Amino acid sequence: MSPLLKEYLGRRVVVVTTDGGCLVATLEGFDKTANLLLSDVRQRATGEGLAAAFLLQGSQIVCCGPLEGGGPEQEPQAAALRDTRNVVAREHDIWARAWQARQARE
């Protein structure tokens with residue numbers, strides 16, 4: 001992901017995070033593990049300012065791309081995202097049953 005981010009330096013980007021957040025910010029820097037240094041960070045759904053500067057770990061990022069349109073006054077409002085993590089209710093029970101079924105076959 002890192003070499004492609006070079007094109008976005010100094011530009012407004014949209015970042016989707018693993019917790020379902022959708023941020024609009026200016027990309028100031030990045031490293032080889034896709035940690036992002038962002039400035040003028042806002043929530044895309046509400047336009048609420050979050051931070052003047054923000055460091056986001058690469059493991060917290062689902063995707064990052066350029067914001068089409070440009071400046072803050074042109075930033076479109078968007079619906080809030082739900083959590084992007086794969087969460088399965090009572091997942092441990094499902095795996096326990098799968099394990100028991102495997103043991104029964106052997």
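What you are looking at is a predicted structure, and each value in this text was computed from that prediction instead of being measured. Both backbone and side-chain heavy atoms feed into the values below; hydrogens, waters and symmetry mates do not.
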| message | If we ignore hydrogens and angles and just use 3.5 Å, is the side chain of Arg42 paired with the main-chain N or O of Gly47 as donor and acceptor? | response |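 Indeed, once roles are kept as given, a pair shorter than 3.5 Å links the two residues.
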Quiz item: Hey, is the main chain of Phe30 close enough, under 3.5 Å, to the side chain of Asn35 for a donor-acceptor pair?
Solution: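 It does not hold such a pair.
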Is it true that Glu28 and Ser39 share a donor-acceptor pair across their side chains at a distance under 3.5 Å?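 Short answer, yes.
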Same apolar cluster: Leu38 and Leu55, side chain cutoff 4.5 Å: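 No: no chain of side-chain contacts under 4.5 Å links Leu38 to Leu55.
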### Query
Do you reckon Leu50 sits in the same ILVMFWY cluster as Phe54, going by side-chain contacts under 4.5 Å, direct or chained?
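Same cluster: Leu50 reaches Phe54 through Ile, Leu, Val, Met, Phe, Trp or Tyr contacts under 4.5 Å.
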Report the distance from atom [atom1] of [X] to atom [atom2] of [Y], rounding to the nearest 0.5 Å.
X: Leu4; Y: Cys64; atom1: CG; atom2: SG; answer: 10.5 Å
X: Leu36; Y: Thr17; atom1: CG; atom2: OG1; answer: 11.5 Å
X: Thr26; Y: Leu37; atom1: OG1; atom2: CG; answer: 10.5 Å

Using side-chain contact (heavy atoms from CB on, under 4.5 Å), reason through Val15 and Leu56 one step at a time and then give a plain yes or no. CA-CA 10 Å; Val15 180; Leu56 191 60; 3.6 Å; yes
- Does Arg105 have any side chain to side chain contact (heavy atoms under 4.5 Å, CB included) partners at least two apart in sequence or in another chain, and if so, which?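 Listed in chain order: Arg102.
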Note to self: Going by side chain to side chain contact (heavy atoms under 4.5 Å, CB included), name the residues that satisfy it together with Gln103, two or more places apart in sequence or in a different chain.
What the structure shows: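 Checked Gln103 against side chain to side chain contact (heavy atoms under 4.5 Å, CB included); matches are Trp99, Glu106.
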(request) Apply side-chain contact (heavy atoms from CB on, under 4.5 Å) to Ile61 and Val16, showing your working. (result) CA-CA 6 Å; Ile61 300 168; Val16 178; over 6 Å; no
message = A side-chain contact here means heavy atoms from C-beta on lying under 4.5 Å apart; do Val24 and Gln43 qualify?
response =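 Sidechains of Gln43 and Val24: no contact.
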### Trace of the side-chain contact (heavy atoms from CB on, under 4.5 Å) decision for Val13 with Leu67
CA-CA 5 Å; Val13 294; Leu67 176 67; 5.9 Å; no
Quick one: list whatever passes side chain to side chain donor-acceptor pair (under 3.5 Å) with Gln57, sequence neighbours left out.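 For Gln57, no residue satisfies side chain to side chain donor-acceptor pair (under 3.5 Å) once neighbours in sequence are set aside.
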